[in-house]
Amino acid sequence: MSCIVEIALSCPLRQTFDYLSDDPAENWQIGMRASVSFGSRQLIGIVVAIKPIAEKAVDKLKKIDQQIDKQSFLPNEIMQLVQWVSRYYHHPVGECFQTALPKRLRLGDPDEMQTETYWILHQQPDSTSKTGKKQQQILDLLEDYPEGLSEKALRVQLGNVKSSLSALVQQNVVAARQYVALPVPCLELQQQVLLNNQQKQSIETILGSKGQFSTFLLQGITGSGKTEVYIETCREFVENQQQVLVLIPEIGLTTQFVERFRQSLNASIVVINSSVSDSDRKQAWLLARAGKADIIIGTRSAVFTPMINPGLIIIDEEHDSSYKQQDGLRYHARNVALMRAKSLNIPIVLGSATPSLETLYQVKQQRYQFLELTERAGGASLPKVALLAAQNSSENNGLSSSLINAIEKHIKQNHQVLLFINRRGFAPVLMCHQCHWQANCRSCDAKMVVHQHQNRLFCHHCGLIQILPKICPECGNTELKSYGVGTEKIEQALTAIFKDVPVLRIDRDSTQRVNSFANMVKQINQGQAAILVGTQMLAKGHDFHDVTLVGVVDADQALFSADFRATESLAQLITQVTGRAGRGKKAGEVLIQTEQPEHPFWQNLLQHGYESVADNLLSERIQMELPPHGFWAVWRAEAKEKDLAIELLQQVSGLLQQSNSSVLILGPVPALMEKRAGRYRAQLLMRSADRGALHQLIDQHIDSVTKLKLARKARWSIDIDPTELI
DNA sequence: AGCACGCCGACT
DNA sequence: GTCGGCGTGCTC
């Protein structure tokens, strides 16, 4: 008896496809993969339904080419989750499955875990045969592991063991077994750290919600020991054979975080981030699904990792913008995680020193429980924060004389200094002194940034690269001048001022080479006086113990930005940065150089702290009916031809207006930077106090939008709960 | 989105 | 005479 199998395929069509299978329905399960011919190509899809043969139009159906999985592949929970994501974000279901699966499995790799060789003691060595030193070491070690020890672990401890092992095999003393390859455990676990009362209380409260859905905001200033709270909470779950999913931001600096878990917990910990190879991702995913990974630490897409016995979800730095995907399926991992925790009926912890307004809003509505850590570990005090008027700073390449003096003071004490400039390159503007020509990007509405080290102009929006011109292309003048500051210029200025002090620049340009970042960190941690100049990437995730002065050079930009979220991010950045100064015994100092020291934002932040700023911003947003107040969706469109995007959105707007709905339609308007990477962009906003009404309106019209002629000429997408409104 | 089919311009 | 440009139409 054959059957019909309904398959979700990765294509932008908002539908699934029926195929004919020769196998009986019993041989199929929802969530299995199948290979089918689709149009003229071969695709792999996910089975979403199995149906009996119906009379109608069976002859139109193609046959399934291959059933890839013989046993269940995607657990029901993940099937439900991905289908919910597809409905909630109004994104084609096949593409949702695509984002949820590791590449190798998406492409049809069998779902078999990699194995590795384990060695076990087979019998006691014959007393007559002589055993070498290395061989004896192996035997001694294996004696402690009656269930065997992996060859990898033997190698880690004893070095090259290949020849000794084969000798032992010859004597029939040891035997090899193939077992599933687990992550290499830490050899020496660290002693459990002493927790303060706030930490203990937080852990207890979270554990009190074991086995039931409950959301916690764990707010703790930098250095207050959030990670210890995570680790000790995990310990409890791991001891109960329950798995923990830990989401982390997408910054390449996760090693320290992961190491602390590894060194503290006797558990199988897998990592899924961008530096993990495709085959290791697949292995981590399979280990998690099989319950052989106790803790899964990963970035955004790890939220879809299946677990056999999930107990807890943790989202570290929950305010981080990398949790929201900004193309394709525009999901927010925090949102998906919340949904997942709810349907699994397990607790979820959102951790941050500077929670997002969304999360604070929920705390205010008493939907999340608030946990707070206010004490810094080791009794370190928070640094003094002061504002510096930026007057005359342009004469010193963007550094005011008081900032330079402060740097000198800290350097003289053999301490380290950290300076933030949130712009890569040398200078953001190149201009002709004579005719006022400016170096602009030809594909974007943006200026080209001077990168002197590489003797090039870069567009930071589309990646266009040009040779740095020596003469003005308009009038031939040789007097080209650059304006503004970037990391390179600050680096150069400081090198000139402090001749004997190493100046390290840390940004995407200087850390691109493999290991260069790790090497820099190593150098920094040697503890000699040094000045570190860098972008935001320095603010996150890394502890530099000898830094006593943190300077913020171009803090003002955000205060004038048209993006209403800029002040929120600035308050978060300054607060995070403040935590970077003076850990341990050395007293810290933070200096913020600004053109507007009188600005109420600074006064509020310095006198009352992040929470107060966040509070104000939140009331402001509520008053102005901006997110997180109300429910928002935005249609985005882009086209190579000018005005095409906006025309398409005008038609979309027309369709939406046909319904008599409570949803407010705003726009369409061109994007703030209309042209980017050669495309003109526009957006159409929807807002409602009623989430259901918003989604209903989209569902009502999305098919007609797909059928619009213009929808083929312009790229369009829909963004639910947008985090960027421009 | 891919990919095929289809109908008009400059080239071995 | 052909190669190839991208318009439009379909994908169980």
Side-chain angles (χ1 to χ4, degrees), chain A residues 1-25 27-69 79 82-83 85-87 89-101 103 106-108 301 325-331 635-645 647-649 651-652 676-681 698 702-719:
Chain A
M1 261 302 273
S2 48
C3 64
I4 291 174
V5 180
E6 190 181 326
I7 294 183
L9 291 163
S10 170
C11 83
L13 297 172
R14 298 170 180 277
Q15 53 177 281
T16 52
F17 297 88
D18 286 347
Y19 283 86
L20 215 54
S21 168
D22 288 335
D23 286 326
N27 284 9
W28 286 99
Q29 268 184 51
I30 286 173
M32 284 177 171
R33 294 170 297 169
S35 172
V36 295
S37 109
F38 183 69
S40 61
R41 57 217 163 109
Q42 203 67 23
L43 295 180
I44 286 166
I46 304 287
V47 176
V48 292
I50 300 133
K51 304 178 284 195
I53 304 252
E55 318 287 298
K56 50 145 192 155
V58 172
D59 47 317
K60 275 191 189 162
L61 302 186
K62 282 191 189 174
K63 271 194 183 170
I64 294 223
D65 292 304
Q66 200 201 339
Q67 179 178 18
I68 292 178
D69 303 295
M79 291 299 292
V82 172
Q83 287 173 92
V85 162
S86 164
R87 284 193 304 276
Y89 290 102
H90 302 270
H91 198 77
V93 67
E95 290 196 344
C96 294
F97 278 112
Q98 169 131 356
T99 12
L101 282 176
K103 194 171 169 202
R106 193 161 75 216
L107 296 175
S301 62
Q325 181 146 66
Q326 294 294 12
D327 57 289
L329 168 60
R330 293 169 174 265
Y331 68 104
W635 300 78
R636 301 175 193 281
E638 52 178 65
K640 284 189 175 155
E641 208 178 308
K642 197 171 184 321
D643 300 331
L644 228 66
E647 263 173 57
L648 169 65
L649 293 185
Q651 292 179 16
V652 174
R676 184 185 168 140
R679 290 197 152 84
Y680 295 88
R681 310 173 300 152
I698 297 168
I702 201 157
D703 279 343
S704 335
V705 171
T706 311
K707 286 180 189 123
L708 290 173
K709 272 210 183 69
L710 263 178
R712 293 196 56 85
K713 297 194 80 178
R715 261 193 217 160
W716 64 276
S717 66
I718 188 151
D719 191 350

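Numbered from 1 within each chain, the chains take letters A, B, ... in sequence-line order. Only heavy atoms go into these numbers, but all of them, side chains included; no hydrogens, no water, no symmetry mates.
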Rounded distance (Å) that lies between atom [atom2] of [N] and atom [atom1] of [X]:
| X | N | atom1 | atom2 | value |
| --- | --- | --- | --- | --- |
| Leu61(A) | dT11(C) | CG | C1' | 13 Å |
| Glu641(A) | dC6(C) | CD | C1' | 14 Å |
| Phe17(A) | dA1(B) | CZ | C1' | 12 Å |
| Leu13(A) | dG2(B) | CG | P | 12 Å |
| Lys713(A) | dG9(C) | NZ | C1' | 16 Å |
| Gln98(A) | dG2(B) | CD | C1' | 13 Å |
| Arg14(A) | dC10(C) | CZ | P | 19 Å |
| Arg712(A) | dG7(C) | CZ | P | 11 Å |

Of all of residues 30-43 of chain A, which get a heavy atom below 4.0 angstrom from DNA chain C, listed by number?
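The answer is Ser37(A), Phe38(A), Gly39(A).
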
Could you tell me whether the side chain of Ser35(A) and the main chain of Ile44(A) form a donor-acceptor pair under 3.5 Å?
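Side chain of Ser35(A) to backbone of Ile44(A), a donor-acceptor pair under 3.5 Å: no, none is there.
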
Select base, sugar-phosphate, or nothing to describe what Leu20(A) touches, counting heavy atoms under 4.0 Å on all strands.
nothing

Is it true that atom [atom1] of [X] has more than 12 heavy atoms of other residues, nucleotides or ligands lying nearer than 6.0 Å?
| X | atom1 | result |
| --- | --- | --- |
| Arg106(A) | CZ | yes |
| Lys62(A) | NZ | yes |
| Lys63(A) | NZ | no |

Using a cut-off of strictly less than 4.0 Å, decide whether Lys60(A) has a side-chain nitrogen or oxygen near OP1 or OP2 of dC12(C).
no

I need the Gln98(A) CD to Leu107(A) CG distance, nearest 0.5 Å.
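Reported value, rounded in 0.5 Å steps: 8.0 Å.
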
Strictly by modelled atom types, are Gln67(A) and Asn27(A) linked by a side-chain donor-acceptor pair under 3.5 Å?
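Short answer, no.
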
